[in-house]
Protein chains: 2
Amino acid sequence: MARFTRLSSEDRRAQLMDVALAGLAKGGIQEFTVDRICAAAGVSRGLILHHFGSMAGLLAAVYARLYRDTTPDLPALPPEIRLNALIEGSFSPKSFNRDTLNAWVALWGQIANTPALREEHQRQYQAYLAQVTEAIAALGLQADALPLARSLICLIDGLCLQHCLDPEAMPAETAKAACRAFLAPHLG
Amino acid sequence: MARFTRLSSEDRRAQLMDVALAGLAKGGIQEFTVDRICAAAGVSRGLILHHFGSMAGLLAAVYARLYRDTTPDLPALPPEIRLNALIEGSFSPKSFNRDTLNAWVALWGQIANTPALREEHQRQYQAYLAQVTEAIAALGLQADALPLARSLICLIDGLCLQHCLDPEAMPAETAKAACRAFLAPHLG
DNA sequence: ATCCTTGTTGAATGACCGTACAGTAAGAGT
DNA sequence: ACTCTTACTGTACGGTCATTCAACAAGGAT
């Protein structure tokens, strides 16, 4: 009779990241503690450090997971629908809901003061920016794609922040319309 | 020989808010503790609760102070220069620097999980939105001022977030240009 | 000079924090 | 059936946390 189930390192890591992410979504960074995460996952207190080295390591891993789960894989799509997929994906119920955005904002608040998280952010953002820039450049416009991509990302982030702090003031359709209105002058 | 100086309630509150804000700017929400704030202010540990009731009360007061210190008083300006003043003010060195933005992002991360801060945010944002909407409406355009104001605020917030997380990737001039490019199509 | 309001102190409390680590056991490989 | 790797447990540790509260004193009022 096994006293505990022994998972592969990969599976256990995934479980702990999921549980930690759910905590961040529900209660912000205050929920991100060894006790609460291990209790919610049903494992002992020592397991997080075994798999992630430190709480900062888990935080960085959670950030990467959130990025991967909520940003579309643009290069896999035909060039002409990438921008639309970005907008639809960013404001789809899976990404654009209070819980998920709560986790985003909670993580943003830690980036400046957590070196491991900071490095992970640099990595993820750089890849994300490159994808959006490529999606714009692929349309073959005269405009400079890079600053346009930066601005679009900033607008999306701002809209997400707004929805998180005040959901009824920024519904998904309004947010999509704002992005399209922003892009329209540049797309002719 | 006085063992301590006795300030008016107003002065002591202002001092504690300033010290707390400086801590948020320097080290994020981790610096927002009774011990650190009181030590930095040179007062005893009991004083914060005497003046603010709780740490959440101080947090809400700090948020209001940050809002007041970094947003321009638009109604006091002539209508035709208000939007420009908003952009210049939002990205002036006083507001658009890593420390100040670090405090903003740290506070955003707490809004969803701190009722007192949440209420303060609703108050401040509503007043801010009204001012920006009025600044747009005063120009007498055909466009609907309210959604435009919301989008502009989101863009500004997103640009601030970006600068906070990655300053060199989003200098002030780039941010201003993004705002002007956003507004241009609507201003004719 | 005395009183009174209230700003201020600082110790006490009980809960929670992340990390270290020595020991346990699961389950695949042989 | 045995070994070996390593996932896993759970206590212990030194700090830090917000809050409470009874006592103290500063300084204006009278």
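What you are looking at is a predicted structure, and each value in this text was computed from that prediction instead of being measured. Just so you know, these numbers use all the heavy atoms, side chains as well, and skip hydrogens, waters and symmetry mates.
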Just distance, no hydrogens or angles: give the donor-acceptor pairs under 3.5 Å from side chains in residues 19-34 of chain A, sequence neighbours left out.
| unit_1 | atom_1 | unit_2 | atom_2 | d |
| --- | --- | --- | --- | --- |
| A:Q30 | NE2 | B:Q110 | OE1 | 2.7 |
| A:E31 | OE2 | A:R36 | NH1 | 3.2 |
| A:T33 | OG1 | A:R36 | N | 3.2 |

**Request:** Please determine which of B:L86, B:L148, B:I156 meets the side chain to side chain contact (heavy atoms under 4.5 Å, CB included) test together with B:V132.
**Result:** B:L86
**Message:** Donor-acceptor check, side chain of B:R13 to backbone of B:H51, threshold 3.5 angstrom: yes or no?
**Reply:** yes
**Message:** Applying salt bridge (Lys or Arg N to Asp or Glu O under 4.0 Å) as the test, list every pair that has at least one member in residues 54-68 of chain B; sequence neighbours left out.
**Reply:** B:D18-B:R65
**Fill in**
Whole-Å distance, B:Q30 CD to D:dA18 P, equals 12 Å
**Message:** Is there a side-chain contact (heavy atoms from CB on, under 4.5 Å) between B:Y125 and A:Q162? Walk through the geometry before answering.
**Reply:** CA-CA 10 Å; B:Y125 177 75; A:Q162 171 68 12; 3.2 Å; yes
**Complete:** Note: contacts of residues 36-45 of chain A with DNA chain C (heavy atom, under 4.0 Å) are A:R36, A:R45
**Asked** Can you check salt bridge (Lys or Arg N to Asp or Glu O under 4.0 Å) on B:K94 and B:E88, steps first, answer last?
**Response** CA-CA 11 Å; B:K94 192 186 76 174; B:E88 289 297 328; over 6 Å; no
**Request:** Provide, to the nearest angstrom, the distance between the CG atom belonging to B:D11 and the C1' atom belonging to C:dT8.
**Result:** 15 Å
**Message:** Classify A:I48 by what it touches in the nucleic acid, base, sugar-phosphate, or nothing, heavy-atom distance under 4.0 Å.
**Reply:** nothing
**Item:** Between A:Q122 and A:Q126: side-chain donor-acceptor atoms closer than 3.5 Å
**Value:** no
**Asked** Taking N and O atoms by type only, does the side chain of A:R3 place a donor or acceptor under 3.5 Å from a partner on the base of C:dT24?
**Response** no
**Asked** Where do B:A64 and B:Q124 come nearest, in terms of heavy atoms and distance?
**Response** CB-NE2, 3.6 Å
**Message:** Expressed as a whole number of angstroms, how long is the span from B:R12:CZ to D:dA26:P?
**Reply:** 13 Å
**Item:** Positions of residues 49-63 of chain B (non-hydrogen atom under 4.0 Å from DNA chain D), listed by number
**Value:** B:L49, B:S54, B:M55
**Request:** Could you tell me the separation between the CZ atom of B:R6 and the P atom of C:dG7, rounded to a whole number of Å?
**Result:** 7 Å
**Asked** Expressed in angstrom and rounded to an integer, what is the separation of A:L47 atom CG from D:dC8 atom C1'?
**Response** 6 Å
Side-chain donor-acceptor contacts of residues 69-81 of chain B below 3.5 Å, not counting sequence neighbours, with atom names and distances?
| unit_1 | atom_1 | unit_2 | atom_2 | d |
| --- | --- | --- | --- | --- |
| B:T70 | OG1 | B:L66 | O | 2.8 |
| B:T71 | OG1 | B:Y67 | O | 2.7 |

**Prompt:** Just checking B:S8: base, sugar-phosphate only, or nothing, at a heavy-atom cut-off of under 4.0 Å?
**Reply:** nothing
**Residue closer to the 5' end of DNA chain C, A:D35 versus A:G46 (nearest nucleotide)** = A:D35
**Request:** For the pair A:R123 and A:E120, find out whether any cationic side-chain nitrogen is under 4.0 Å from an anionic carboxylate oxygen.
**Result:** yes
**Item:** Contact residues, residues 16-29 of chain B to DNA chain C [heavy atom, < 4.0 Å]
**Value:** none
**Complete:** note: B:F4, atom CZ; D:dA23, atom P; distance rounded to Å ~ 17 Å
**Message:** Please report the distance, rounded to the nearest Å, between CZ in A:F32 and P in C:dG18.
**Reply:** 8 Å
**Prompt:** Quick one: do A:K176 and A:E173 make a salt bridge, cutoff under 4.0 Å?
**Reply:** yes
